[in-house]
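Every value quoted in this text rests on a predicted model; they were computed, and no experiment measured them. All chains are named by letter (A, B, ...) in the order of the sequence lines, taking the proteins before the strands, and each is independently numbered beginning at 1.
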Amino acid sequence: MPPFGISPLLSLLESCKTIKQGFQVHAQIILNGFQHHDFPISRLISFFALLGSEDGINCSQILFCQIECPNQFMYNTMIRGFSHSKFPEKALVFYSSMLRQVNRSPNNFTYPFLLNSCARLSTLKPGIQVHSHVIKFGFELDPFVGNALMHFYSVFRRLNDARIVFEGSPVRDLVSYNTMINGYGLVAQPGPALRLFRKMQDSGILPDEFTFVALLSAFSSLNDHRIGKEIHGFVYRNLYCVDSNVLLKTAILHMYAKSGLMDLAERVFSSMRSNKNTAAWSSMVSGYARCGQTEAARRMFDQMDQRDLICWTAMISGYSQSGQYSEALELFMQMEDLGIRPDECTLAAVLSACARLGALSLGQRLHSRYIEGELCSQNIIISTALIDMYSKCGKIDSALHMFHSIPKSLKTVSLFNSMISGLAQHGLGESALAVFGEMELIGLKPDGVTFVAVLSACSHSGLIEEGKELFRSMSDVYGIKPHKEHYGCMVDLLGRDGCLDEAYDLIRSMPFEANSVIWRALLGACKVHGNIKIGEVACQKLIKLEPDHGAHYILLSNMLANTNKWEQAGRVRKVMEDRGVQKPPGWSYIEFQGTIHRFLASDKSHLQDKGIESMLQDMAMRLKSAGYVPNTTQVVFDIDEEEKETVVSYHSEKLALAFGLVNSSTGETIRIMKNLRVCGDCHSAFKLLSEIYSREIIVRDAIRFHHFKNGSCSCKDFW
DNA sequence: ATAGGGTTAG
């Protein structure tokens with residue numbers, strides 16, 4: 001082997017592509033006695049650091065650590081390497097050790113990379129500190145540093161700060177404009193993006209394809225296809241390379257797909273011919289899914305040759321957003337089986353589906369396997385989704401624990417909304433108000449969603465005065481106009497207090513027509529307080545608004561029957577039959593050994609296995625000896641008493657409870673989910689059963705949670 | 001030094 005000089009070694013290094021080849025060069029460096037020469041070693045460190053792989057950056061770190069007195073280039077290289085690694089925070093570690101070393105002050109190459117690392121962290125603070133260093137060391141006016149600062153601030157949606165840097169920068173080049181336009185796209189402000197674009201043209205800077213990609217993505221957030229089309233035309237007039245520029249085409253396609261213009265999206269898509277990339281496919285998948293066409297989305301998805309994590313996520317979240325939660329979970333498990341690891345976007349979508357389904361054990365598994373102790377445990381969207389999942393699966397304590405473990409500075413309005421509505425569903429009104437107070441204390445401004453949450457918390461817990469006061473302050477103090485949802489909460493609240501006339505007046509004074517949710521709230525209150533007069537009005541309205549909803553007819557006929565207006569009740573039943581309206585099937589489900597078991601009312605298919613039948617008999621017997629009389633008023637009236645009893649004892653929630661009692665051990669909490677409201681008979685029965693079997697039973701119905709324990713329920717019998 | 005597709009709460 002001939003001896004090498006330094007420069008042949010360097011040119012050898014230049015031809016290297018893999019870690020192994022890098023090692024060979026390292027061996028040569030040592031063999032030729034250059035291991036203490038800064039120059040070849042720093043090149044080698046740089047080679048490894050910029051390979052872009054985890055192994056590469058580890059190798060460069062090992063080399064770096066062997067050096068007694070690393071030079072500035074080496075530090076910059078490490079910072080640069082970590083800036084696009086999986087551990088951007090390590091760039092900061094190298095930066096501070098650089099500062100600690102005597103005579104090693106940063107230069108103009110240090111900050112762009114360091115700021116890029118900061119842009120990828122989950123918190124804003126380190127970047128702001130770096131900004132103050134930029135000023136301290138006098139790199140404020142460096143155009144590269146300036147652009148990196150704009151990028152950093154816009155990633156954190158701090159467009160005002162980015163703008164200040166932009167305005168203060170002596171040189172505003174193409175990259176500065178692109179970065180700012182892109183930033184406005186991130187915060188969905190296409191207006192300022194467009195103004196900057198004009199300003200750019202005025203100052204004679206020619207846009208490039210990045211400019212248009214940034215503009216297009218800014219306008220994708222707006223569902224205004226007119227402007228999108230205009231940009232499309234503009235792009236064609238200004239860049240004749242459009243047809244060959246895949247990136248640009250993908251951005252155009254995405255703009256159409258996101259605006260729901262799927263036929264235009266299809267046209268761009270097919271014009272891409274053999275250049276269809278995964279991004280284009282993903283845009284199509286999510287575009288179809290977003291407008292509810294999950295089948296079309298799935299066909300696209302199935303046609304793809306190469307599926308990456310993003311398109312899996314697009315399909316999974318497509319199902320989840322369209323309410324097809326089981327499909328979402330099923331697809332997710334298929335993905336896992338292929339060995340694909342979800343990231344935080346996938347997890348957020350899957351957790352949301354778990355929450356809606358009440359799939360606690362899957363949610364818990366996701367938490368412990370992919371989130372706990374991982375980098376994304378700091379991700380606030382994930383935390384929001386987790387809190388929602390734990391709340392909706394009945395584990396309100398876990399949700400609260402998570403919430404309190406999150407540092408104040410990271411908490412967002414959505415996070416608070418998630419926590420408050422969780423507490424509301426569990427009827428924990430005081431806690432909900434306390435969390436709301438904390439929100440104000442740290443200076444977060446509540447929004448419309450927050451008020452839905454706090455108002456429903458008040459109505460679910462009977463905090464009448466607090467609720468009224470909040471409703472007033474909502475517009476007076478916070479300047480938020482109440483929407484239908486807020487009126488719905490107020491009707492619920494007043495109705496609960498027995499103020500049915502007041503509730504009815506509120507509906508009539510609303511600036512818009514009441515929807516079915518609001519009438520249902522009024523009807524619910526009428527049922528509890530036995531107000532037939534207003535109840536009938538509400539029922540009629542509901543039947544008009546939702547003529548296919550069988551429950552309304554049944555409620556109305558039951559209400560009439562209860563006041564002995566048999567004839568009218570019969571007429572209602574007749575109308576229902578004539579229209580062919582079916583009673584909506586009530587079903588309950590319960591999770592057991594990771595799978596969800598579903599029960600339909602009177603469904604005998606589960607009865608043979610696992611001793612459910614005998615458990616049901618045991619339940620009925622013990623209830624009877626405890627002096628319990630079945631409440632059959634909620635059963636359609638024209639069947640005889642004995643049969644009514646049979647019907648109520650086969651309600652889906654009772655079947656699920658029997659299943660739960662058979663398949664769980666003593667002391668274990670039983671969690672049941674129901675698609676409709678829990679029935680009155682089941683509610684009283686469950687209270688007693690919780691005492692008889694010494695079990696805590698948690699039932700999630702369509703609106704809220706019921707925690708049955710020692711003979712009583714957390715809803716205090718109002719729901 | 002900048003870039004395209006998927007993310008939470010009602």
Any donor-acceptor N/O pair under 3.5 Å between [N] base and [X] side chain:
X	N	result
Ser418(A)	dA9(B)	no
Thr179(A)	dT2(B)	no
Asp308(A)	dG5(B)	yes

Look at the side chain of [X] and decide which nucleotide, out of [options], has an atom nearest to it.
X	options	result
Ser421(A)	dT8(B), dA9(B), dA1(B)	dA9(B)
Ala348(A)	dG6(B), dG5(B), dT7(B)	dT7(B)
His254(A)	dA1(B), dG5(B), dA3(B)	dG5(B)
Asn178(A)	dT2(B), dG6(B), dT8(B)	dT2(B)
Pro112(A)	dG5(B), dA1(B), dG6(B)	dA1(B)
Ala349(A)	dA3(B), dA1(B), dT8(B)	dT8(B)
Ile381(A)	dA1(B), dT8(B), dG6(B)	dT8(B)
His151(A)	dA9(B), dA1(B), dT2(B)	dT2(B)
Cys345(A)	dA1(B), dT7(B), dT2(B)	dT7(B)

Looking for any heavy atom pair under 4.0 Å, which part of the strands does [X] touch: base, sugar-phosphate only, or nothing?
X	answer
Asp173(A)	base
Arg307(A)	nothing
Asp343(A)	base
Thr278(A)	base
Val449(A)	base
Thr412(A)	nothing
Arg356(A)	sugar-phosphate
Phe113(A)	sugar-phosphate

Worksheet item: Is there a donor-acceptor contact under 3.5 Å linking the side chains of Thr179(A) and Asn147(A)?
Response: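 No, because no side-chain N or O of Thr179(A) sits under 3.5 Å from a partner of the opposite role on Asn147(A).
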Calculate the interatomic distance between [X] atom [atom1] and [N] atom [atom2]; express it in whole Å.
X	N	atom1	atom2	answer
Asn379(A)	dG6(B)	CG	P	16 Å
Met335(A)	dT7(B)	CE	P	14 Å
Asn147(A)	dA3(B)	CG	C1'	14 Å
Ile252(A)	dA3(B)	CD1	C1'	14 Å
Phe210(A)	dA3(B)	CZ	C1'	5 Å
Lys484(A)	dG10(B)	NZ	P	20 Å
Lys276(A)	dG5(B)	NZ	P	19 Å
Leu347(A)	dG6(B)	CG	C1'	12 Å

Between [X] and [N], does any side-chain N or O lie under 4.0 Å from OP1 or OP2?
X	N	result
Ser352(A)	dA9(B)	yes
Gln321(A)	dT7(B)	yes
Ser317(A)	dT7(B)	yes
Lys392(A)	dG10(B)	yes

Ring centres under 6.0 angstrom apart ([X], [Y]):
X	Y	result
Phe471(A)	Tyr487(A)	yes
Tyr390(A)	Phe403(A)	no
Phe269(A)	Tyr256(A)	no

Could you check whether any side-chain N or O of [X] sits under 3.5 Å from a backbone N or O of [Y], counting only pairs where one atom can act as donor and the other as acceptor?
X	Y	value
Arg80(A)	Leu50(A)	no
Asn178(A)	Ile181(A)	no
Ser317(A)	Thr313(A)	yes

